[in-house]
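A short write-up of the structure that comes next.
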Amino acid sequence: MDTSKSYALKFISGKYQGGEFPLKADKQVVIGRSSELDMVLVEDMVSRKHAKIVFSDGKITIEDLGSTNGTFVNGEKVKQARLKEGDRILIGTSILKLVHQGADGANVDESMAKQKLEEAAAAQAARTTNKASSMTGKIEEIPLPDLLQLFHTSKKNGVLVVMGDQEGKIYLRQGRVYYAVIGENHNLGPQKSFNRIITWEKGDFELRPADNQEFMVELDSSTEALLMDALRQLDEFKRLQPSLPPLDAPLALASPLTPPLKELSPELLDVLQLIHNHGSLGGVLDRADADDVVTAEAVVQLLKRDYVRQS
C-alpha cells in the first residue's frame, strides 16, 4: 500500500451513508457502540467494541473484537484481514469502503470526523422516509453481486428493493435469495427477474424488513450459483447484442416468407409465434419460457435465416 497516500473509510450504505472517517498513520481506530471509542456507530447490530482498524508500516488491517454479529470484508466473515483500497467492510448495517483521501480530508481531526458522522446520520434520517428501513445506498457505489454476497455471508433477512428505470425486488431469507420480481410482473418468473435485476448498474437500493410473503415458486439454488449463472447470462447477452434489434423495435415475419417452416426446430417455431403475436424483442423475451439468452439466440437465428425482419 502506498505510504504517501491518505486513506479514509467512506460510508456507502446505512445510517451514516455519505460520511467519511480519516485513517491516521501509526494509529488505531476502535469501532463500536460505546461512546468513548474512536468511531461510534449507534445501532443495535454493532457491539460495544466491535472491530479495530490499524494503519501501521504502510499496511491497513482490520480485526474483529469478538463482536456478536461479526465483521465482513468483501463478503467474507473475518477475524483479521489486511485491507486494500476499494475493499468494502460490513459492520452492523453500515457498509464502509476504504478510499484514497484528498489533502483536505487528511487534516480532519477525530472530533471533527465524529461530528461529520453525526451530521451524515442526521441527513440520512431526513432522507429516509421508511424509518424501519435498515440499509440504503446506490448500486453505483456497491454493485448488486457484491451487495448480495455481503447479505449472504451475514445472513440478512428482508426484501432488497432496487429502484432503477424499473423497481425490482429480491427476497432474502437468512441471506439466501428465494424470490425476485420486477415491477410486480410475477409472470416473468423469479429466475428471469433475478437475472435481469443483477444487470442493473445504476439506481438506489433499500433493504426493507422481511414481509414473510410466500410464493408458489421459489428459487432453490445457492446465492453463489444464482450469481454465477446471472453473470454468465449477462456476458452471453452482451455477446449477442450487436446482432439483436433494440428491445422496442418492431419485429415481424418476413413477407413473403420464403424459407420453409419445416426446417425450423420446435423451439424456433415457438419463438417465431411469439414474434408474430407480440412484435418486439422485449415482448418476446418477457413471454418466452426459456431464459433471455436462449430466446435471444433464437431471435438472432430467425433474423439471419430471413424468417423475421425488423420493421
Side-chain angles (χ1 to χ4, degrees), residues 139 143-145 148 161-171 177-203 215-311:
I139 54 179
L144 287 172
L148 286 169
V161 181
V162 187
M163 291 148 286
D165 294 334
Q166 298 173 279
E167 182 182 87
K169 293 179 179 176
I170 296 174
Y171 291 76
V177 175
Y178 70 93
Y179 193 76
V181 65
I182 297 172
E184 300 303 330
N185 178 13
H186 294 273
N187 293 329
L188 204 55
Q191 183 80 59
K192 198 179 285 190
S193 296
F194 178 82
N195 288 348
R196 290 189 188 180
I197 295 169
I198 287 299
T199 67
W200 298 356
E201 295 176 340
K202 291 183 178 179
F215 302 98
M216 293 289 288
V217 179
E218 291 193 357
L219 297 167
D220 56 7
S221 299
S222 68
T223 297
E224 290 94 333
L226 285 170
L227 286 171
M228 282 179 64
D229 188 53
L231 295 173
R232 177 191 61 77
Q233 287 226 4
L234 176 59
D235 288 343
E236 288 290 303
F237 201 85
K238 282 182 176 176
R239 179 182 60 79
L240 291 168
Q241 221 146 19
S243 305
L244 288 167
L247 288 173
D248 56 355
L251 293 176
L253 271 59
S255 181
L257 187 58
T258 308
L261 291 173
K262 67 181 180 182
E263 291 185 3
L264 293 178
S265 66
E267 291 77 17
L268 285 174
L269 278 170
D270 286 345
V271 174
L272 189 70
Q273 184 172 4
L274 287 171
I275 290 170
H276 179 63
N277 290 343
H278 303 289
S280 71
L281 177 61
V284 171
L285 292 174
D286 282 355
R287 291 166 179 85
D289 292 332
D291 65 46
D292 287 345
V293 169
V294 169
T295 306
E297 283 175 335
V299 172
V300 170
Q301 282 292 315
L302 292 168
L303 284 164
K304 283 182 177 175
R305 293 164 66 177
D306 206 28
Y307 286 93
V308 171
R309 291 175 187 162
Q310 187 176 329
S311 303

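Position 1 is the first residue of the sequence; numbering continues from there.
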Handout entry: Distance, nearest 0.5 Å, that separates CG of L303 from CG of L251
Key = 6.0 Å

Problem - L272 versus L253, closest heavy-atom pair with distance - result: O-CD1, 3.9 Å

Practice task
Verify side-chain contact (heavy atoms from CB on, under 4.5 Å) between L247 and L285, making sure each step is shown before the conclusion.
Solution key: CA-CA 9 Å; L247 288 173; L285 292 174; 3.7 Å; yes

Problem - Side-chain heavy atoms of M163 within contact of W200, under 4.5 Å - result: no

Exercise for the section: Give the minimum heavy-atom separation between A180 and S193, together with the two atoms involved. Expected result: O-CB, 3.6 Å

Handout entry: side-chain contact (heavy atoms from CB on, under 4.5 Å) between L302 and L264, intermediate numbers included
Key = CA-CA 9 Å; L302 292 168; L264 293 178; 3.9 Å; yes

Problem - Distance-only side-chain donor-acceptor flag, D291 / Q233, under 3.5 Å - result: yes

Practice task
Please report the shortest heavy-atom distance between D286 and L188, naming the atom on each side.
Solution key: O-CD1, 3.6 Å

Exercise for the section: Can you establish whether the number of heavy atoms outside D306 located under 6.0 Å from its atom CG is more than 12? Expected result: yes

Problem - Validation row: D229, Q191 side chains within 4.5 angstrom (heavy atoms) - result: yes

Problem - NZ-CD1 distance between K202 and I139, expressed to the nearest 0.5 angstrom - result: 10.5 Å

Exercise for the section: For Q310, enumerate each residue passing the side chain to side chain donor-acceptor pair (under 3.5 Å) test, keeping only those at least two apart in sequence or located in another chain. Expected result: none

Exercise for the section: Could you please spell out the steps behind the side-chain contact (heavy atoms from CB on, under 4.5 Å) verdict for I182 and K169? Expected result: CA-CA 6 Å; I182 297 172; K169 293 179 179 176; over 6 Å; no

Problem - E201 atom CD, neighbour heavy-atom count above 12 within 6.0 Å - result: no

Exercise for the section: Mark yes or no for whether Y307, through its side chain, and P260, through its backbone, hold a donor-acceptor pair below 3.5 Å. Expected result: yes

Handout entry: Residue pair P190 / V181, side-chain heavy-atom distance below 4.5 Å
Key = no

Handout entry: Interatomic spacing from NE2 in H276 to CG in L269 - rounded to 0.5 Å
Key = 13.0 Å

Problem - Atom pair CG/CZ of L257 and R309 - distance to nearest 0.5 Å - result: 9.0 Å

Problem - Closest non-hydrogen atom pair between L231 and I198, with its separation - result: CD2-CG2, 4.0 Å

Exercise for the section: Of all the heavy-atom pairs spanning G168 and I197, show the shortest one and how long it is. Expected result: CA-CD1, 3.8 Å

Practice task
Walk me through it: do L226 and L219 pass the test side-chain contact (heavy atoms from CB on, under 4.5 Å)?
Solution key: CA-CA 9 Å; L226 285 170; L219 297 167; 4.2 Å; yes

Exercise for the section: Would you mind reporting whether L144 and F194 have side-chain heavy atoms less than 4.5 Å apart? Expected result: no

Exercise for the section: Decide yes or no for N195 and T199: does some side-chain heavy atom of the first lie under 4.5 Å from some side-chain heavy atom of the second? Expected result: no

Practice task
List for me each residue that meets side chain to side chain donor-acceptor pair (under 3.5 Å) alongside H186, sequence neighbours excluded, and say none if there are none.
Solution key: Y179, E184

Handout entry: Close side-chain approach of Y171 to V177, heavy-atom, < 4.5 Å
Key = no

Exercise for the section: For residues E167 and V162, determine if any side-chain heavy atom of one lies less than 4.5 Å from a side-chain heavy atom of the other. Expected result: no

Practice task
Taking atom CD of Q273 as the centre, report whether more than 12 heavy atoms of other residues, nucleotides or ligands fall under 6.0 Å from it.
Solution key: no

Problem - Side chains of D292 and R196 in contact at under 4.5 Å (non-hydrogen atoms) - result: yes

Handout entry: Side-chain donor or acceptor of R232 paired with backbone N/O of M228 under 3.5 Å
Key = no

Exercise for the section: Take atom CG of D235 as the centre, draw a 6.0 Å sphere, and report whether it contains more than 12 heavy atoms from other residues, nucleotides or ligands. Expected result: yes

Exercise for the section: Heavy atoms only: give me the nearest K192-A288 pair and the separation to one decimal. Expected result: NZ-O, 2.6 Å

